[in-house]
Amino acid sequence: MTETLLEVLHRPVLEAAPRLLGAVLAHGDVAVRLTEVEAYAGADDPGSHAFRGETPRTRTMFGPAGGLYVYFVYGMHFCANVVCGPSGTASAVLLRAGEVVSGADVATRRRGGAPPRDLARGPARLCRALGISGEHDGTDLLTGPVRLELAEPVPASQVVTGPRVGLRQAADRPWRWWVEGEPSVSPYRPAAPRRPRG
DNA sequence: AGGGTGATTAGG
DNA sequence: CTAATCACCCTC
C-alpha cells in the first residue's frame with residue numbers, strides 16, 4: 001500500500017474518517033480493527049469539544065495529525081480520537097467501536113468478562129479493552145505506546161453512514177460511518193432530550 | 001428507565 | 001461560588 005496514515009489524516013476529516021475503518025489500533029498485546037468512527041470538524045462543528053476554541057482539555061486536538069486525543073467523560077469513562085489536519089486546526093475522528101483481533105484474553109479480563117462482540121463495542125469500552133486512559137492523551141499514534149496502522153480501504157459497498165451518537169448539537173450531521181453487518185458496531189442512541197426546568 | 005461519577009462550562 | 005451539561009455504560 002502506497003498511501004500512508006499521515007496522508008489520510010491530512011485530508012478533510014469527512015474523507016479521513018471513513019478511510020480509518022478497518023485500520024488496526026494496538027496497545028501492548030491487544031489490537032482492535034476499527035468498525036465504527038465519527039468525524040468532529042473542530043471550529044466548524046458545534047458538536048466538537050474544540051468548537052469554542054483551545055482549552056487545556058482540547059489542546060491535543062489543536063496539535064499535529066496523528067496525535068491521540070483522550071478525554072474523560074461522565075465521571076468514569078475515557079474515549080479516544082485520532083487528531084487530523086495540520087497544527088492549529090482541531091478536527092478529529094472518534095473511535096467508536098472495533099473488533100478485537102488480538103489479545104482477546106487480556107481485553108476480556110479488562111472488560112469484566114464481556115462477550116467477544118461487546119469487548120470494544122462503544123468508545124469507552126474500546127478504550128477499556130485496549131487499556132487506554134488519560135495518560136495516553138497527546139501521545140503519537142505512529143511512535144507512541146498506542147499505535148494505529150492503516151489497512152486496505154473497506155469497500156464502499158460495505159460502509160454505512162448515519163447521524164452521530166449522543167449529541168444534541170449538530171445532531172443532524174451524518175458524520176458517523178460503520179461497517180455494515182459488523183456485530184461490534186455500537187447500538188444507536190440518540191441524545192437524551194432536555195427536560196424543561198421546573 | 002434510571003443511576004453512577006467527576007471534569008468542564010455558563011452564569012450570578 | 002452554584003448548577004447544568006456531558007462524543008457513556010451498567011443494571012434493572
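Quick note: numbers below take in every heavy atom, side chains included, and nothing from hydrogens, waters or symmetry partners. None of the values given here were measured: they were computed from a predicted structure. Protein chains get the first letters and strands the later ones, always in sequence-line order, with residue 1 at the start of each.
- Per the geometry, OH belonging to A/Tyr40 stands 11 Å off C1' belonging to C/dC6, to the nearest Å.
- Between A/His77 and C/dC9 there is no side-chain N or O to OP1 or OP2 distance below 4.0 Å.
- Look at OH on A/Tyr188: it is 11 Å from P on C/dC8, rounded to the nearest Å.
- Between A/Arg164 and A/Asp45, at least one side-chain nitrogen of the basic residue sits less than 4.0 Å from a carboxylate oxygen of the acidic one, meeting the salt-bridge criterion.
- By the 6.0 Å contact criterion, CD on A/Glu15 is enclosed, its count of non-hydrogen atoms from other residues, nucleotides or ligands being greater than 12.
- Evaluated for a side chain to side chain contact (heavy atoms under 4.5 Å, CB included) with A/Leu130, the options A/Val30, A/Val106, A/Asp29 yield exactly one hit, A/Val30.
- Evaluation of atom-type donor-acceptor distances gives a pair under 3.5 Å for the side chain of A/Tyr71 against the base of C/dA7.
- In the model, A/Ser184 has no side-chain atom that pairs as donor or acceptor with a side-chain atom of A/Arg117 under 3.5 Å.
- Between A/Ser48 and C/dA7 there is no side-chain polar atom (N or O) within less than 4.0 angstrom of OP1 or OP2.
- Nearer the 5' end of DNA chain C, as judged by each residue's closest nucleotide, is the contact made by A/Arg57, out of A/Arg125 and A/Arg57.
- Distances from the side chain of A/Thr55 to the nucleotides C/dA7, B/dT5, B/dT9 place B/dT9 closest.
- Following rounding to the nearest Å, A/His49 (NE2) and C/dT5 (P) show an atom-to-atom distance of 15 Å.
- Nucleic acid contact for A/Arg176: none, since no nucleic acid atom lies under 4.0 Å from a heavy atom of the residue.
- When heavy atoms are screened at a 4.0 angstrom cut-off, A/Arg128 is found touching no nucleic acid atom at all.
- When rounded to the nearest whole Å, the span between CZ of A/Phe51 and C1' of B/dT9 equals 15 Å.
- Which of C/dC10, B/dA7, C/dC8 sits closest to the side chain of A/Phe72 comes down to B/dA7.
- In this structure, A/Arg173 atom CZ and C/dA7 atom C1' are separated by 14 Å, rounded to whole Å.
- For C/dC8, one of the phosphate oxygens OP1 or OP2 lies less than 4.0 angstrom from a side-chain nitrogen or oxygen of A/Arg96.
- What separates OH of A/Tyr74 from P of B/dG2 is a distance of 16 Å, to the nearest Å.
- Using the Watson-Crick or G-U wobble rule with both distances under 3.5 Å, C/dC8 pairs with B/dG4.
- Computed from coordinates, the A/Glu36 CD to C/dC8 P distance equals 10 Å when rounded to whole Å.
- Between the CZ atom of A/Phe78 and the P atom of B/dT5 there is a distance of 15 Å, rounded to whole Å.
- Between A/Arg168 and the phosphate of C/dA7, there is no side-chain N or O to OP1/OP2 separation shorter than 4.0 Å.
- Atoms CD and OG, on A/Glu38 and A/Ser186 in that order, are 7.5 Å from each other to the nearest 0.5 Å.
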